[in-house]
> 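This is the structure, below, for whatever I ask next.
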Amino acid sequence: MTIHYESMKSLSEDQYNEVVRLLKNCEEHDKLEIASSINVSMISKADEPHLFFILAYDRAELVGFVGLYTFVDVTKVEIAGMVSPAYRRKGIFSTLLEKALTVCAERKVDEILFVCPEKSVEAKGLMKKLGLFIPFRNIRWNMMKVATTSII
């Protein structure tokens with residue numbers, strides 16, 4: 001297994017289709033709807049500086065994805081991602097997240113919202129590992145402290 005990573009401001013049609021296939025694979029395996037977390041409709045029409053993507057490949061197969069999304073304030077970023085079930089627990093998401101945080105630092109982001117399905121055991125485990133686990137809440141990571149906002 002040789003994983004390589006690609007970063008980009010927009011996705012080609014082929015890359016978009018690969019992300020959708022990965023999404024469907026993850027949804028079927030996890031028995032969760034995650035399309036809204038990944039924001040599939042938005043990634044099809046990238047508008048930099050509002051979007052940024054990091055893709056993980058094993059040879060030519062897309063095995064991981066992280067999207068960074070900003071809406072109004074570019075100093076506030078939402079991060080969502082996924083890794084193919086067959087490639088989990090191999091450090092791929094940790095590397096994707098590390099690369100995403102580097103992009104955030106370069107862009108002088110001061111607040112990060114991790115977007116994940118409430119019922120995702122994997123996402124909750126990662127948030128707990130990062131020290132950000134708070135049940136049933138959006139998790140905001142202010143580069144200096146952790147704050148939470150309830151889901152309405």
> Sequence neighbours left out, what passes ring-ring contact (aromatic ring centres under 6.0 Å, His included) with Y57? Give chain and number order.
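So Y57 forms a ring-ring contact (aromatic ring centres under 6.0 Å, His included) with H4.
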> If you look at every heavy atom in E78 and V115, which pair is closest and at what distance?
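Closest approach of E78 to V115, heavy atoms only: OE1-CG2, 3.6 Å.
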> When you compare the side chain of L113 with that of I79, does any pair of heavy atoms fall below 4.5 Å?
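Counting from C-beta outward, I79 and L113 never come under 4.5 Å.
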> R88: what forms a salt bridge (charged side-chain N to carboxylate O under 4.0 Å, His left out) with it, not counting sequence neighbours?
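Partners of R88 under the salt bridge (charged side-chain N to carboxylate O under 4.0 Å, His left out) test: D30, E122.
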> Would you say the side-chain atoms of N17 pair up with the backbone N or O of E13, donor to acceptor, closer than 3.5 Å?
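Side chain of N17 to backbone of E13, a donor-acceptor pair under 3.5 Å: yes, one is there.
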> Would you say the side chain of L96 lies within less than 4.5 Å of the side chain of L55, judging by non-hydrogen atoms?
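Result no, sub-4.5 Å side-chain heavy-atom pair not found.
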> So how far is it from S84 OG to E61 CD, rounded to the nearest 0.5 Å?
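Answer rounded to 0.5 Å: 6.0 Å.
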> What ring-ring contact (aromatic ring centres under 6.0 Å, His included) pairs are there with at least one residue in residues 58-100, not counting sequence neighbours?
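Counting only pairs at least two positions apart or across chains, the ring-ring contact (aromatic ring centres under 6.0 Å, His included) contacts touching residues 58-100 are F53-F65.
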> What residues, two or more places apart in sequence or in another chain, satisfy side chain to side chain contact (heavy atoms under 4.5 Å, CB included) together with S12?
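S12 satisfies side chain to side chain contact (heavy atoms under 4.5 Å, CB included) with D14, Q15 once adjacent residues are dropped.
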> Does E33 have any side chain to side chain donor-acceptor pair (under 3.5 Å) partners at least two apart in sequence or in another chain, and if so, which?
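E33: side chain to side chain donor-acceptor pair (under 3.5 Å) contacts with S36.
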> How close do E18 and A60 get, heavy atom to heavy atom, and via which atoms?
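Looking at all heavy atoms of both residues, the closest pair is OE2-O, 4.2 Å.
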> Can you find a pair of side-chain heavy atoms, one from L23 and one from M82, that are under 4.5 Å apart?
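A side-chain contact exists here, since the closest heavy-atom pair is under 4.5 Å.
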> Closest approach of I92 and A56, non-hydrogen atoms and distance?
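Looking at all heavy atoms of both residues, the shortest contact is CG2-CB, 3.8 Å.
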> Nearest 0.5 Å please: distance from the SG atom of C26 over to the CZ atom of R21.
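Answer rounded to 0.5 Å: 13.0 Å.
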> Please examine the side chains of L97 and F114, heavy atoms only from C-beta on, and report whether any two atoms are closer than 4.5 Å.
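Answer yes - side chains close enough.
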> Which atom pairs, one a donor and one an acceptor, fall under 3.5 Å between side chains of residues 98-105 and the rest of the protein, sequence neighbours left out?
from	atom 1	to	atom 2	distance (Å)
T102	OG1	E98	O	3.1

> Partners of D73 by salt bridge (charged side-chain N to carboxylate O under 4.0 Å, His left out), sequence neighbours excluded?
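Result, salt bridge (charged side-chain N to carboxylate O under 4.0 Å, His left out) vs D73: K76.
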> Are side-chain heavy atoms of R107 and L68 found at a separation under 4.5 Å?
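No. Closest side-chain heavy atoms not under 4.5 Å.
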> Work out which heavy atom in V109 is nearest to a heavy atom in T75; give both atom names and the distance.
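Scanning both residues, the minimum pair turns out to be CG1-O, 3.3 Å.
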> Please find the pair of heavy atoms, one from L22 and one from V83, that lie closest to each other, and give the distance.
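Scanning both residues completely, I find the closest heavy atoms to be CD1-C, 4.4 Å.
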> Once rounded to the nearest 0.5 Å, what's the spacing between atom CD1 of I3 and atom OG1 of T95?
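Reported value, rounded in 0.5 Å steps: 9.0 Å.
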